[in-house]
Protein chains: 2
Amino acid sequence: MQASEGATGLRERKKRRTRDALIRSALELFADHGYEGTTVDEIAAAADVSQRTFFRYFANKEEVALSVQEMVESHFFAAVCERPAAESPLTALRAAVLSSWDTIEEAIQSVVPLELHVRTFRMIQSTPQLLAAHLRRSMELEDRLTREITRREGLAEQDPRPRILVAAFSGVMRANGKLWAEVADGDMSRLKQATAGYLDQIGPALAENWRS
Amino acid sequence: MQASEGATGLRERKKRRTRDALIRSALELFADHGYEGTTVDEIAAAADVSQRTFFRYFANKEEVALSVQEMVESHFFAAVCERPAAESPLTALRAAVLSSWDTIEEAIQSVVPLELHVRTFRMIQSTPQLLAAHLRRSMELEDRLTREITRREGLAEQDPRPRILVAAFSGVMRANGKLWAEVADGDMSRLKQATAGYLDQIGPALAENWRS
DNA sequence: TGTCAATTGGCAGACGCTGCCATAATCTCG
DNA sequence: CGAGATTATGGCAGCGTCTGCCAATTGACA
């Protein structure tokens with residue numbers, strides 16, 4: 001029983017290597033032949049394991065495609081939890097997104113090249129099955145964010161306001177991501193700028209009388 | 001070439017009957033044995049057609065499970081489009097939900113008993129694969145709503161405010177539906193009341209300083 | 001070094017879904 | 001009404017995802 005991280009034993013390290021190899025192989029094959037154009041057998045063969053072993057690491061084909069995205073999201077959630085309690089919820093969410101992007105890149109790089117992740121992100125947006133799975137995960141993230149903000153603000157569990165705020169925030173982030181996927185050059189600084197601008201619109205969007 | 005609806009020919013009527021039979025058979029089997037516990041072969045057999053024919057009516061197993069929900073959503077969207085242009089976007093959305101629920105029931109009844117639809121709705125919420133597909137469709141609805149509101153208000157396509165508003169609205173409706181699925185007795189009037197109450201929170205949710 | 005637990009591979013099989021072709025039902029128009 | 005064009009259906013073969021099961025291998029630990 002070691003503390004937490006670090007290479008515990010050979011077994012652990014080997015598993016981690018196998019997992020990373022599967023992710024790398026999968027994302028590369030997806031980038032080349034598309035999601036549906038790649039079979040699990042091919043992924044397993046490229047990572048030098050059996051198909052049966054693939055399914056011991058990932059519950060299904062979707063999961064390997066979304067695995068890096070999963071890292072990004074849990075990184076963001078951790079950033080939210082670390083924001084000072086004095087910040088308003090929206091400020092905390094905003095700051096967490098922007099700051100988490102500063103530190104996530106190296107974590108991604110340790111598994112796959114950044115450019116491959118960007119291509120994968122685009123693939124998720126354009127593959128119905130993956131988009132569906134991705135959205136379901138996003139809703140789970142919304143749930144967790146809602147609970148965290150309810151806790152921060154000391155509100156009752158049934159109070160709908162955190163959920164609504166999170167929904168608006170997530171809606172902005174989705175639109176932002178979609179836009180980025182369409183036009184993106186992979187330039188992170190421009191993405192951050194656009195995101196900040198978008199988030200500034202949440203207040204005005206709920207004020208009535210846009211036409212004035 | 002007839003006008004629009006009405007029974008055009010024998011062929012059309014027969015197709016409609018087959019489709020309805022498939023939906024009814026599917027939802028009943030799902031209610032009895034769960035989504036994953038029901039095979040397409042069983043659904044087809046219950047509707048007295050071949051499996052091959054099932055897949056000519058529905059692209060996949062998900063689609064038949066979501067087919068009634070699809071009716072509800074397009075009915076709602078139509079209601080939005082019919083709201084007077086003078087109403088503010090949020091008012092229009094709110095009025096459209098409430099009014100569309102008044103008139104959708106008979107359309108549902110013409111395909112399946114209402115109670116079966118309620119059970120199906122619950123099943124969708126609790127079956128990961130169906131929830132994912134449902135959310136993807138919901139995002140498509142959000143896109144359409146966003147475009148419609150942008151049009152109504154005469155805004156530029158890039159203006160993010162409609163999208164944010166729709167996201168907040170949809171978030172409320174999702175939370176609402178989830179709650180309803182958990183505690184619901186199938187009582188529509190109570191659902192409508194709860195929804196109205198929820199929607200009233202959108203304004204306050206975006207005001208800062210909840211703690212005061 | 002020997003025992004125990006975890007990891008892996010391989011195989012059989014269920015299920016979702018598609019392409020293909022033959023057959024049967026409806027439609028259209030002379 | 002009837003012949004020919006359209007369209008719906010059934011059946012089958014086959015690919016791909018995913019699971020259960022068992023045997024063999026590999027790392028952990030005393």
Side-chain angles (χ1 to χ4, degrees), chain A residues 1-3 6-23 25-26 29-30 32-67 123 127-130 132-133 136, chain B residues 1-3 6-23 25-27 29-30 32-67 123 127-133 136:
Chain A
M1 286 294 151
Q2 276 289 59
T8 8
L10 171 58
R11 204 165 242 172
E12 295 299 319
R13 263 178 291 134
K14 214 168 182 179
K15 269 168 68 176
R16 158 105 203 190
R17 259 189 288 129
T18 304
R19 191 187 142 86
D20 287 356
L22 280 169
I23 296 174
S25 305
L29 286 166
F30 290 159
D32 285 352
H33 313 125
Y35 178 71
E36 283 149 357
T38 306
T39 68
V40 173
D41 286 293
E42 288 164 352
I43 299 169
D48 233 345
V49 295
S50 69
Q51 188 225 49
R52 194 66 189 80
T53 294
F54 173 93
F55 284 111
R56 288 199 175 93
Y57 282 86
F58 302 96
N60 45 50
K61 201 171 113 178
E62 288 162 12
E63 205 172 288
V64 68
L66 299 176
S67 58
M123 179 186 73
T127 306
Q129 188 188 153
L130 286 180
R136 195 179 58 76
Chain B
M1 286 295 151
Q2 276 288 61
T8 7
L10 171 59
R11 204 167 242 169
E12 296 299 319
R13 264 178 289 133
K14 215 168 181 179
K15 269 168 69 173
R16 158 105 202 189
R17 259 189 287 128
T18 303
R19 194 187 138 85
D20 287 355
L22 281 169
I23 296 175
S25 305
L27 300 199
L29 286 166
F30 290 159
D32 285 352
H33 314 126
Y35 179 71
E36 283 149 355
T38 306
T39 68
V40 173
D41 286 290
E42 288 164 352
I43 298 168
D48 233 346
V49 294
S50 68
Q51 189 225 46
R52 195 65 190 78
T53 295
F54 173 94
F55 284 111
R56 287 199 177 95
Y57 282 87
F58 302 96
N60 45 49
K61 200 170 113 178
E62 287 161 13
E63 205 173 288
V64 69
L66 298 175
S67 57
M123 179 186 73
T127 307
Q129 190 190 150
L130 286 180
L131 182 57
R136 194 179 58 75

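Note that this is a predicted model, so its numbers are computed, not measured. Numbered from 1 within each chain, the chains take letters A, B, ... in sequence-line order.
Contact annotation: the side chain of B:Thr53 approaches that of B:Arg56 to within less than 4.5 Å [non-hydrogen atoms, C-beta and beyond].
Rounding to the nearest 0.5 Å places OG1 of B:Thr38 at 8.0 Å from CG of B:Asp32. Here A:Tyr57 contributes atom OH and A:Ile23 contributes atom CD1; the two are 11.0 Å apart, rounded to the nearest 0.5 Å. Rounding to the nearest 0.5 Å places CD of A:Glu36 at 10.0 Å from CE of A:Met123. Atoms NE2 and OG1, from A:His33 and A:Thr39 in turn, are 10.5 Å apart once rounded to the nearest 0.5 Å.
Between the P atom of D:dT17 and the CD atom of A:Glu63 lies a distance of 15 Å, rounded to the nearest Å. Atom CZ in B:Arg17 sits about 15 Å away from atom C1' in D:dT9, given to the nearest Å. Taking atom CZ on A:Arg13 and atom C1' on D:dT26, their separation rounds to 14 Å, with Å as the unit. For the pair A:Asn60 CG and D:dT19 C1', the interatomic distance rounds to 13 Å; values are reported in whole Å. Here the P atom of nucleotide C:dC15 and the CD atom of B:Glu62 are 18 Å apart, to the nearest Å. The distance between atom CD of A:Gln129 and atom C1' of C:dG16, rounded to the nearest whole Å, is 11 Å. The distance between atom CZ of A:Arg19 and atom C1' of C:dA6, rounded to the nearest whole Å, is 18 Å.
Within the 4.0 angstrom heavy-atom criterion, base atoms lie near B:Ser50.
In this structure, A:Lys61 does not reach the D:dC18 phosphate: none of its side-chain N or O atoms is under 4.0 Å from OP1 or OP2.
Where the helix from C:dA5-D:dT26 to C:dG30-D:dC1 starts and where it ends, the local axes point in directions that differ by 20°; five pairs per end, rounded to 10°.
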Distances under 3.5 Å between nitrogen or oxygen atoms of protein and nucleotides 23-26 of chain C:
| unit_1 | atom_1 | unit_2 | atom_2 | d |
| --- | --- | --- | --- | --- |
| C:dA25 | O3' | B:Lys14 | NZ | 3.4 |
| C:dT26 | OP1 | B:Lys14 | NZ | 2.7 |
| C:dT26 | O2 | B:Arg11 | NH2 | 3.0 |

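Listed here is the closest heavy atom pair of B:Glu63 and B:Phe58: OE2-CA, 3.8 Å. The two atoms that bring B:Val40 and B:Phe55 nearest to each other are CG1-CE1, 3.7 Å, heavy atoms only. Nearest heavy-atom pair, A:Tyr35 versus A:Thr127, reported as atom, atom and distance to 0.1 Å: CD2-CG2, 3.9 Å. Among all heavy-atom pairs drawn from B:Leu27 and B:Val64, the shortest one is CD2-O, 4.0 Å. Considering every non-hydrogen atom in both A:Ser25 and A:Ile43, the closest pair reads CB-O, 4.0 Å. Of all non-hydrogen atoms in A:Ser67 and A:Arg19, the two that sit nearest each other are CB-NH2, 4.1 Å.
Using a 4.0 Å cut-off on heavy atoms, the residues of residues 51-59 of chain B that approach DNA chain D are B:Arg52, B:Thr53, B:Arg56, B:Tyr57, listed by number.
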